[in-house]
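Report on the following structure.
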Amino acid sequence: MKMLNVVNGPQNVSAIIQGCMRMPSLSKEDAAKVIRTAYDCGVNFYDHATCYGKDGEAETRFAEAFPLTGIKREDVFIQSKCGLCFDRNEFDWTKENILSSVDDSLRRLKVDYLDALLLHRPDVLFDPEEVAAAFDELEKAGKVRFFGVSNLVPMQIELLKKFVKQPLVFNQVQLSLEQSQLIDQALYMNNKSTEFSINRDGNALDYCRLKDITIQAWSPLQFGMFGGSFIDHPDFPKLNQTLAEIADREKVSKAAVAIAWILRHPAKMQTIIGTMNPGHVKDACAATKVQLSHHDWYALYLAAGKYLP
């Protein structure tokens, strides 16, 4: 497993993160198999959110399953996110909600602290001073060790940083071979003939690299926002052919190659896998052993429907 030392953040964390959003569908025994399989593959990082499952059920199932794995709490990195309040149809970054959300996550996960807390999509009414007060209280109480954001553009991060004294060390955003807007715009800039030139994220990739913020890529196998996986999908024949050719050469799955494409980028990103199938977990984790050349990376990018201007 490829390990990363996050600037101003945790050291020796896995490049692949096991996402736990789908864990409510499993029994505690099956959830334990997923957690342990990922760990045995070198993953020491598990991602949650307060909105994963009804009443945070993903966190509850993880806590039920974790003792069955034989893994020590201090040997894993547990991250959660807060701010999405679907029960009342709003996003909420108020101090009150951040503090109560963390307390709820700690209770459900049965842990004394979160290794990281991310603010989950922007509350467009957020008061950065209120967020800063919440972070100070959480840090002082020892409830959260590191902080970050999810799906934020650079200027929103800058506004937070004006008041938040803790380093914001993560930004969790969508990225895959098909959903590659983070990368596309720079290539097609100032080109009115294609929508690839539209700046949809405020140059978040370059900003995060400049500011030492580690990007965590979610849905690395997905097309569209919720379109499903492009692996073996009939709408992506050229991409799957190119994935298969490299997969055969590297003796891994096509999914591993698609994830390796993200990890090959010099931004030193992490990639979140969401599968609850232990076999697929093993397949995905093999991505860190794949050696993609500069040529391989571009071949995959072009096979996904891009072109060179």
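Because only heavy atoms are used, hydrogens play no part in the values below, and waters and symmetry mates are left out as well, while side chains stay in.
Below 30°, between 30° and 60°, or above 60°: for W93 and F126 the angle between ring planes is between 30° and 60°, a tilted geometry. Ring pair Y301/Y298 is perpendicular by interplanar angle, where above 60° counts as perpendicular and below 30° as parallel.
In this structure, E96 places its CD atom where only 12 or fewer heavy-atom neighbours from other residues, nucleotides or ligands lie under 6.0 Å away. Within 6.0 Å of the CZ atom in R22, the count of heavy atoms belonging to other residues, nucleotides or ligands does not exceed 12. Heavy atoms from other residues, nucleotides or ligands lying under 6.0 Å from CE of M3 number more than 12. Residue D75 qualifies as enclosed at atom CG: its count of foreign heavy atoms under 6.0 Å is above 12.
Not a single donor-acceptor pair under 3.5 Å links the side chain of D283 to the backbone N or O of A256. For the pair N5 (side chain) and N12 (backbone), a donor-acceptor distance under 3.5 Å is present. In this structure, the side chain of R61 does not engage the main chain of S27 through any donor-acceptor pair within 3.5 Å. Side chain of D115 to main chain of I78: a donor-acceptor pair is present (N/O by atom type, distance under 3.5 Å, no hydrogens or angles). Not one N or O on the side chain of E129 forms a donor-acceptor pair closer than 3.5 Å with the backbone of F163. One N or O on the side chain of R264 and one on the backbone of L292 form a donor-acceptor pair closer than 3.5 Å. Panel note: side chain S197, backbone N191; a donor-acceptor pair is recorded below 3.5 Å. The closest donor-acceptor contact from the side chain of S219 to the backbone of Q222 lies at 3.5 Å or more, if one exists at all. Looking only at distances, no side-chain donor or acceptor of T37 sits under 3.5 Å from a matching main-chain atom of V34. Under the 3.5 Å distance criterion, the side-chain polar atoms of N203 are left unmatched by any main-chain donor or acceptor of D206.
Salt bridge status for E57 with R108: absent, with no side-chain N to carboxylate O gap under 4.0 Å. Using a 4.0 Å cut-off between charged side-chain N and carboxylate O, R249 and D296 make a salt bridge. Salt bridge annotation for D103-R107: absent, with no cationic side-chain nitrogen under 4.0 angstrom from a carboxylate oxygen. Using a 4.0 Å cut-off between charged nitrogen and carboxylate oxygen, K161 and E158 count as a salt-bridge pair. Using a 4.0 Å cut-off between charged side-chain N and carboxylate O, E195 and R200 make a salt bridge.
For the residue pair K306 / S180, a side-chain donor-acceptor distance below 3.5 Å is found, with atom types taken as modelled. Counted by atom type alone, N277 and T275 present zero donor-acceptor pairs between their side chains at under 3.5 Å. Between the side chains of S105 and E59, a donor-acceptor pair is found at a separation under 3.5 Å. Of the N and O atoms on the side chains of Q185 and Q181, not one donor lies less than 3.5 Å from an acceptor on the other residue. A donor-acceptor contact under 3.5 angstrom links the side chains of Q166 and E139, judged on distance only. Q172 and Q270 are not linked by any side-chain donor-acceptor pair at a separation below 3.5 angstrom, with hydrogens and angles left out of the test.
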Full working for side chain to side chain contact (heavy atoms under 4.5 Å, CB included) between R145 and L114
CA-CA 7 Å; R145 293 186 170 180; L114 294 175; over 6 Å; no

Would C285 and V43 satisfy side chain to side chain contact (heavy atoms under 4.5 Å, CB included), going step by step from the backbone distance to the final call?
CA-CA 8 Å; C285 289; V43 174; 3.6 Å; yes

For Y307 and Y188: C-alpha separation, side-chain torsions, deciding distance, then whether ring-ring contact (aromatic ring centres under 6.0 Å, His included) applies.
CA-CA 9 Å; Y307 62 91; Y188 302 102; 5.2 Å; yes

Could you walk me through whether F135 and L160 pass side chain to side chain contact (heavy atoms under 4.5 Å, CB included), step by step?
CA-CA 11 Å; F135 282 10; L160 276 173; 6.0 Å; no

After noting the C-alpha distance and the side-chain angles of L68 and K28, does the key distance pass the side chain to side chain contact (heavy atoms under 4.5 Å, CB included) rule?
CA-CA 8 Å; L68 305 180; K28 65 179 181 180; 4.2 Å; yes

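Note: F230 and H233 fail the aromatic proximity criterion, with ring centroids not under 6.0 Å apart. Ring centers of Y46 and F77: at least 6.0 Å apart, outside the cut-off.
Side chains of D232 and K254 form a contact here, defined as non-hydrogen atoms less than 4.5 Å apart. For the pair V149 and L118, the minimum side-chain heavy-atom distance is 4.5 Å or more. Side-chain contact between N171 and I157 is present, with at least one heavy-atom pair separated by less than 4.5 Å. When side chains are defined from C-beta on, V169 does not count as touching T214, because their heavy atoms never get closer than 4.5 Å. Within the 4.5 Å cutoff, no side-chain heavy atoms of N8 are placed close to those of F146. Inter-residue side-chain proximity for D92 and R88 is flagged as met; some heavy-atom pair is nearer than 4.5 Å. The closest side-chain heavy-atom distance from L205 to I215 is below 4.5 Å. The closest side-chain heavy-atom distance from E130 to T94 is below 4.5 Å.
Looking at every heavy atom in both residues, A116 comes nearest to V144 through C-CG1, 4.3 Å. Here the shortest heavy-atom pairing between C20 and M276 reads CA-CE, 4.4 Å.
For R73 and Y113, the positive end sits near the middle of the six-membered ring, less than 6.0 Å away and at most 45° from its axis.
Under the side-chain contact (heavy atoms from CB on, under 4.5 Å) rule, V76 has a single partner from V13, I35, I71, which is I71. Of the candidates T271, D47, N151, N151 is the only one forming a side chain to side chain donor-acceptor pair (under 3.5 Å) with W218.
Taking Ile, Leu, Val, Met, Phe, Trp and Tyr as members and joining any whose side-chain heavy atoms lie under 4.5 Å apart, directly or through other members, the hydrophobic cluster of M21 also contains Y52.
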